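Just so it is clear, the model here is predicted, and its values are computed rather than measured. Heavy-atom basis, side chains included; hydrogens, waters and symmetry copies ignored. Letters A, B, ... are given to chains in the order of the sequence lines, protein chains preceding strands, and every chain is numbered from 1.
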2 protein chains.
Amino acid sequence: MSEGRPPVTAAPTLEDVARAAGVSRATVSRVINGIRNVDPAIQETVRRAIADTGYVPNRAARSLVTRRTGAIALVVSGAGEEDEANPFHSQVFADPFFGRVASGVVGFLRPRGIHPILMFAETDEARTQVISFLRQGYADGAVLVSTQSRDPLPRQLVEAALPSVLFARPGEAIPISYVDVAHRTGAKLAADHLVARGCRRVATIAGPLDVLAAQDRLAGFRDAMAAHGHPYIPCVEGQFTYASGETAMERLLSEQPGLDGVFVANDLMAQGALLVLRHHGRRVPEDVAVVGFDDSSAATASRPMLTTIRHPVEDMAAEMARLLLEHVDEPGKPMTSVIFEPSLVVRESA
Amino acid sequence: MSEGRPPVTAAPTLEDVARAAGVSRATVSRVINGIRNVDPAIQETVRRAIADTGYVPNRAARSLVTRRTGAIALVVSGAGEEDEANPFHSQVFADPFFGRVASGVVGFLRPRGIHPILMFAETDEARTQVISFLRQGYADGAVLVSTQSRDPLPRQLVEAALPSVLFARPGEAIPISYVDVAHRTGAKLAADHLVARGCRRVATIAGPLDVLAAQDRLAGFRDAMAAHGHPYIPCVEGQFTYASGETAMERLLSEQPGLDGVFVANDLMAQGALLVLRHHGRRVPEDVAVVGFDDSSAATASRPMLTTIRHPVEDMAAEMARLLLEHVDEPGKPMTSVIFEPSLVVRESA
DNA sequence: CTGAAAGCGCTAACAG
DNA sequence: CTGTTAGCGCTTTCAG
């Protein structure tokens with residue numbers, strides 16, 4: 001606008017602002033960082049100078065001295081059947097669960113002006129890259145959602161002393177903070193509901209049993225059913241995917257043709273199961289009652305809509321981010337775990 | 001292990017490596033950055049020293065001097081019905097289209113050691129934040145997927161001279177690179193198929209008409225049908241969501257009870273439409289043929305499986321990332337557009 | 001082919 | 001309350 005503005009080529013620096021305001025760099029720095037002890041009048045002058053020059057702080061320079069980047073990584077770790085046409089990250093995005101976690105993290109971080117760096121770590125090489133990436137100072141820490149309990153990344157993060165928080169209890173006992181849901185309580189809710197409905201021949205489709213959550217849901221369900229007088233619950237293992245739900249239901253039906261109730265360890269598999277049930281002419285919930293787990297978008301998208309166990313994934317993810325920020329701000333902070341309680345959502349399928 | 005390693009507190013710097021290798025910082029810097037003109041023997045010594053000290057370059061220091069961050073932003077811009085329980089980012093993650101874009105971007109970037117920063121820009125405030133964020137040097141540029149044609153962000157990016165590439169042609173004519181698919185060709189493919197099947201009373205469910213892609217699909221479909229001798233094609237506008245597909249189909253059915261074919265502007269809406277059709281006892285494809293668009297996961301998840309128009313979203317996204325990297329490396333590079341050709345995928349619904 | 005030296009833009013003591 | 005002074009760790013001329 002006026003000729004006072006420097007050519008667009010070089011971005012204005014603190015120095016430029018200081019000169020324009022007739023103060024020192026330090027003073028400008030103080031007002032930018034909201035440190036008090038700056039004369040209100042001068043503050044005003046400085047602010048105007050900032051606006052006039054169009055100054056924007058240089059992040060690299062700042063983090064060089066503060067040793068903080070103000071960024072955090074959202075890493076998804078796991079195994080997944082690697083395959084040219086269907087790489088790991090693509091599988092991850094296809095799972096509504098991941099979307100909810102990401103959404104919760106973003107929802108918490110964004111009002112604080114921070115945006116997550118998205119990383120995937122499905123191979124040893126990728127995991128090494130993640131660690132090295134963080135050590136280079138691309139981010140101050142990581143929130144991690146892992147899809148298998150044998151994942152070595154949590155331990156690697158701890159060993160590298162990188163602030164991090166997990167979604168779900170780690171497979172091995174290591175000093176790291178995490179958030180989780182009371183899977184067994186959720187499974188019990190499902191069992192109680194099925195029994196209350198009058199189901200007598202109940203089976204279950206579990207998740208992949210190398211995932212702790214899947215183990216807990218299965219164990220919790222069996223325990224609760226045992227308490228109701230049902231000592232044996234047939235089980236088929238799935239992979240938490242739609243297709244594996246179909247396959248599992250198919251098998252369950254052939255092995256237990258008389259079943260009248262099934263607890264499925266997640267909604268995606270339950271959706272697949274529903275389809276197979278219909279194919280076989282079983283009415284849901286009249287002939288077979290189905291209870292899912294997660295209350296994901298699949299629960300309301302399927303027909304009949306799923307009765308399921310809801311856990312507050314977004315809230316849990318937000319808490320995970322909150323904990324991470326605490327650990328970043330306060331390196332000595334002791335580890336914590338935050339366990340959320342699930343609840344039963346009754347819809348049409350049971 | 002040995003007492004030679006410094007206490008874990010301070011990360012080793014170039015200086016440390018140089019000392020360990022008995023050379024200068026400059027030399028170490030050269031071997032790290034793969035600059036030739038370094039004696040092979042010294043190179044070896046330096047490499048060993050790097051390994052011994054566990055040195056990792058400091059990104060902030062590097063980008064302070066290179067003026068490059070080595071990071072790029074993946075920004076999703078748009079409107080979306082903001083609502084406490086269902087914020088924009090959560091809607092985005094629920095759409096399989098976004099997952100495919102993200103997956104394509106990640107697939108391209110990851111082998112190159114770069115990880116995207118995820119940002120959402122659904123309000124003016126958020127958009128300003130995105131610009132300021134980029135100007136601060138959090139990333140070297142942005143790939144942008146926008147959900148509405150009036151989005152001001154593309155222009156803002158151009159004005160701020162920030163390297164960026166769009167997914168889809170911008171709503172206004174501005175000098176910016178983008179990738180897109182030939183929507184009209186895709187719509188024509190659908191029309192041809194429906195006509196070839198013998199459909200005579202055809203209607204369409206369009207996407208939100210403030211989205212260019214939706215406009216093009218509708219116009220392309222109508223043009224092609226006109227060429228086949230069908231001058232008038234009833235249309236109901238949807239929002240590219242599952243629920244809006246249901247609503248739209250419901251309306252179409254009441255207004256055009258005799259229809260025997262429908263082109264739905266994306267798979268998610270088509271999935272909703274399928275459900276309504278079944279509800280009303282119409283067999284698909286026998287009574288009503290349905291063609292979707294996208295070939296997203298919804299296409300194979302719905303029953304019957306969708307006949308749809310496939311476009312290579314992942315490839316397009318990868319190309320978008322590739323273009324961005326080019327623009328970052330070569331600031332003067334002229335703008336380009338890359339248009340991909342769609343194809344018809346015949347499954348069960350038509 | 002290698003080293004010395006000059007910053008990149010910012011914050012954080014430390015004086016005043 | 002404000003200015004001066006050191007660097008943060010790295011790349012990059014410029015000499016040698």
For B:S77 and B:A121, indicate whether the former's side chain and the latter's backbone hold a donor-acceptor pair under 3.5 Å.
->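 The answer is yes, because a donor-acceptor pair under 3.5 Å joins these two groups.
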Listed partners of [X] passing side-chain contact (heavy atoms from CB on, under 4.5 Å), at least two apart:
X      : answer
A:V158 : A:I174, A:P175, A:I176
B:Q148 : B:A79, B:R150, B:D151, B:D210
B:T66  : B:R62, B:S63, B:R68
A:S29  : A:L14, A:N33

Mind checking side-chain hydrogen bond (donor to acceptor under 3.5 Å, both in side chains) for A:S132 and listing every partner two or more places apart, or none if nothing turns up?
->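 Partners of A:S132 under the side-chain hydrogen bond (donor to acceptor under 3.5 Å, both in side chains) test: A:Q136.
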Which residues share a side-chain hydrogen bond (donor to acceptor under 3.5 Å, both in side chains) with A:E319, sequence neighbours left out =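 Expected list: A:R322.
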Could you list the residues that satisfy salt bridge (Lys or Arg N to Asp or Glu O under 4.0 Å) with A:R155, not counting sequence neighbours?
->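 Partners of A:R155 under the salt bridge (Lys or Arg N to Asp or Glu O under 4.0 Å) test: A:E159, A:E172.
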Sequence neighbours excluded - ring pair (Phe, Tyr, Trp, His ring centres under 6.0 Å) pairs with any residue from residues 131-164 of chain B |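 Only A:H115-B:F133, B:F133-B:Y138 qualify under ring pair (Phe, Tyr, Trp, His ring centres under 6.0 Å).
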Considering only nitrogen or oxygen atoms on both sides, find all protein atoms under 3.5 Å from nucleotides 6-10 of chain D and state each distance.
unit_1, atom_1, unit_2, atom_2, d
D:dA6, N6, A:R25, NH2, 3.0
D:dC8, O3', A:R67, NH2, 2.6
D:dG9, OP1, A:R67, NH2, 2.1
D:dG9, N2, B:A61, O, 3.4
D:dC10, OP1, B:Y55, OH, 2.3
D:dC10, OP1, B:N58, N, 3.1
D:dC10, OP2, B:L14, N, 2.5
D:dC10, N4, B:R25, NH2, 2.9

Rounded to the nearest Å, what distance is computed from the CG atom of residue A:D16 to the P atom of nucleotide C:dG9?
->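 Interatomic distance, CG of A:D16 to P of C:dG9: 9 Å.
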Between the protein and nucleotides 14-16 of chain C, list the N/O to N/O atom pairs that are separated by less than 3.5 angstrom.
none

Per the end-axis method with five pairs at each terminus, what is the bend angle of the helix from C:dC1-D:dG16 to C:dG16-D:dC1, to 10°?
->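 The angle, to the nearest 10 degrees, is 30°.
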Salt bridge (Lys or Arg N to Asp or Glu O under 4.0 Å): which pairs involve residues 128-149 of chain A, sequence neighbours left out?
->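 Pairs touching residues 128-149 of chain A that pass the test: none.
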Does B:T27 have a side-chain nitrogen or oxygen under 4.0 Å from the phosphate oxygens OP1 or OP2 of C:dT2?
->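 No, no such contact exists.
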